[in-house]
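A note on names: the letters A, B, ... follow the listed sequences, proteins ahead of strands, and every chain is numbered from 1. Hydrogens, waters and symmetry mates are skipped; everything else that's a heavy atom, side chains included, is used.
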2 protein chains.
Amino acid sequence: MATVSALGYALLCALHRGPLTGYDLVQRMAKPIGYYWTARQSQIYPELARLSAAGLIEHDAEDGPGPRQRKTHRLTAAGRETLAAWLVEPPAPRAPRDEAVLKTYALAAADPDRMREFYLAEAEAYQRRLDDFRAQHAELRSRNGDDPAHPQFGAYATLELAVLSTPVRIQWCRWMAERMAELGRRRAR
Amino acid sequence: MATVSALGYALLCALHRGPLTGYDLVQRMAKPIGYYWTARQSQIYPELARLSAAGLIEHDAEDGPGPRQRKTHRLTAAGRETLAAWLVEPPAPRAPRDEAVLKTYALAAADPDRMREFYLAEAEAYQRRLDDFRAQHAELRSRNGDDPAHPQFGAYATLELAVLSTPVRIQWCRWMAERMAELGRRRAR
DNA sequence: TGGGACTATGTCAAAAATGACATAGCAATG
DNA sequence: CATTGCTATGTCATTTTTGACATAGTCCCA
C-alpha cells in the first residue's frame, strides 16, 4: 500500500465529486478548498503523477492549448476506497500557524497606537472575507446545498464553519483594538 | 539588513519578555506558543545561530548537563527594533491547513455513521483543549494578565481568542454529527 | 494588430519542516 | 543499582513547500 501525503489526500478530496484537470485543481486550491488547504501548481502536478503511479487516479488526454496534452483526472475505485478510509480517521493534530496571534503574544514590544491600527486592519480584512463566505454560503443554500444528502453538502458545511467562526475573530480584533486604545490613553497621561 | 524568516520572528517573539535557553524555546513552541506557531528543536537551534549571526540576539554560556555549554539567549537592541517593526506590519495571509475541514469537503465519499463518530471525537478533543485554555486563561486573569499594561497581556489575549473561538468549533462539530445522524437515518429507510 | 488575460502543463533550485539520531549529567523511582 | 525521565545542545537525511521560470494556443479589448 503506497503511503499518501496530506497533499495527496487533498487532491483526492478535490476529485471526489468528479474529474478535473490539473489546472482546475490549482484553481480549487486557491479559492474554495484554499480556505483550509492550499498548494501551488509546482506541488500539484508532481503529486498527480505520484497518485497516478499508485493507481489512485487515472486520466485521459486530449490536445491542449500549450505544448503539452490536457489531462482530465478522475478517482479510480482504489482511490475512492483509500479516500473513504482516510476520511473517517481522526486527524493528526496539526500546527495552526497564525501570524496575527503570534504577534499578539509579543505585543508588549510594540507601540500601542500602531498595534491598534494593526487590529483594525485585521478586522476589516476578516470582514471582507466574511462577506465573501456569506455570499457563497447563501448561494449554495439556495441550491439545496444545506441538505446533508446533497452532493455539495460538504462544501456547504465548510462554509457554515467559516460563517460561524469569522465573526468571533472580528469581534476579538475589535476588542484588541479597544484594549490598545485604552493603553495608549493611559500611556499618554 | 538580514531578512528574518517567520520562524526567526517567532523566536524573537518568544524572547521578548526575557532571556531563554534553546531548550526553553523548544518547550514554548510546544505548549503556549505552540497553539498558534510550532517548530521542532531541529529547526530552533540552527535558527538561533542565524539570529545570532544577524546580531538580533546574543547569549552567555555556562557549563551545562550534556557535553555542550548551556546558552541563555536574549534580544539585542537591534533584535528588539526588528521585532517591533515586524509586529505592526499586516500579516501576509497564510494558508490555514485544517485537516478536519478538508475531510468535511469530501464527506460525501464516506459512510455517514463513521463520519458522525468522527465529528463526535473531534468535539471531545476540542472540549479537552477548551478546558485547558480556560484554566490558563483564568490563571492569568487572577494574576492581572487581563490588564493591557501587564507584561503578560499578550499571552492573555491569545488565550482570550482561544476561549472565544473553540466553543464555536465544538458547536459546529456537534451540528455536523447531527447532520450525519440524520443522513444515516434517511439512508436506512 | 498589439498587449494582456486565461487555459494548460510542467521543471528547477532553494527554503522550510519533519523525524530520527547522538551525547551526557542529574534526579527520582522501583 | 538499573531504568526512566528531565535538562540541554546539536546534526543529518528526507520530505514538503515556496517562488521563479518556461511554453504556447485562444480570446478579448483598444
Can you check the [X] [atom1] to [N] [atom2] distance for me, whole Å?
X: A:Leu11; N: D:dT16; atom1: CG; atom2: C1'; answer: 13 Å
X: A:Arg97; N: C:dA16; atom1: CZ; atom2: P; answer: 11 Å
X: A:Met29; N: D:dT17; atom1: CE; atom2: P; answer: 11 Å
X: B:Gln41; N: D:dT7; atom1: CD; atom2: C1'; answer: 11 Å
X: B:Tyr45; N: C:dC21; atom1: OH; atom2: C1'; answer: 15 Å
X: A:Glu47; N: D:dT18; atom1: CD; atom2: P; answer: 14 Å
X: A:Tyr9; N: D:dT15; atom1: OH; atom2: P; answer: 16 Å
X: A:Asp60; N: C:dT9; atom1: CG; atom2: P; answer: 12 Å

Inset, instruction - Would you check if the distance from the ring center of A:Tyr156 to the ring center of A:His150 is below 6.0 Å? - result: no
Legend entry - Phosphate OP1/OP2 of C:dT9: any A:Tyr23 side-chain N/O under 4.0 Å: no
Inset, instruction - Ignoring backbone atoms, establish whether A:Arg68 has a side-chain N or O less than 4.0 Å from OP1 or OP2 of C:dT7. - result: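 Indeed not, no polar side-chain atom of A:Arg68 lies that close.
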Legend entry - Donor-acceptor pair (no angle test) under 3.5 Å: A:Gln43 side chain, D:dT18 base: no
Inset, instruction - Test for a donor-acceptor pair under 3.5 Å between the base of C:dG19 and the side chain of B:Ser42, counting only N and O atoms. - result: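 Indeed there is one.
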Inset, instruction - Describe the nucleic acid contact of B:Arg50 in one word from base, sugar-phosphate, nothing, applying a heavy-atom distance below 4.0 Å. - result: nothing
Inset, instruction - Using a 4.0 Å heavy-atom cut-off across all strands, classify B:Gln69 as base, sugar-phosphate, or nothing. - result: sugar-phosphate
Legend entry - B:Arg187 atom CZ: more than 12 heavy-atom contacts under 6.0 Å: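 Atom CZ in B:Arg187 is not packed in, count stays at 12 or less.
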Can you figure out which of [options] approaches the side chain of [X] most closely?
X: B:Arg40; options: D:dG10, C:dG19, D:dT16; answer: C:dG19
X: B:Leu7; options: C:dT11, C:dA17, D:dT11; answer: C:dA17
X: A:Pro65; options: D:dG25, C:dA22, C:dG10; answer: D:dG25

Legend entry - Residue of the set B:Gln127, B:Arg134, B:Arg128 for which side-chain hydrogen bond (donor to acceptor under 3.5 Å, both in side chains) holds with B:Asp131: B:Gln127
Inset, instruction - Starting from the 5' end of DNA chain D, give me the residue, A:Ala6 or B:Leu48, whose nearest nucleotide shows up first. - result: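 Looking at the nearest nucleotide for each, B:Leu48 comes out on the 5' side.
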Inset, instruction - Evaluate the side-chain proximity of B:Tyr119 to B:Trp172: yes if any heavy-atom separation is below 4.5 Å, no if none is. - result: yes
Legend entry - Residue from A:His73, A:Glu58, A:His59 passing side-chain contact (heavy atoms from CB on, under 4.5 Å) with A:Ser52: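 Exactly one candidate clears the test, A:His59.
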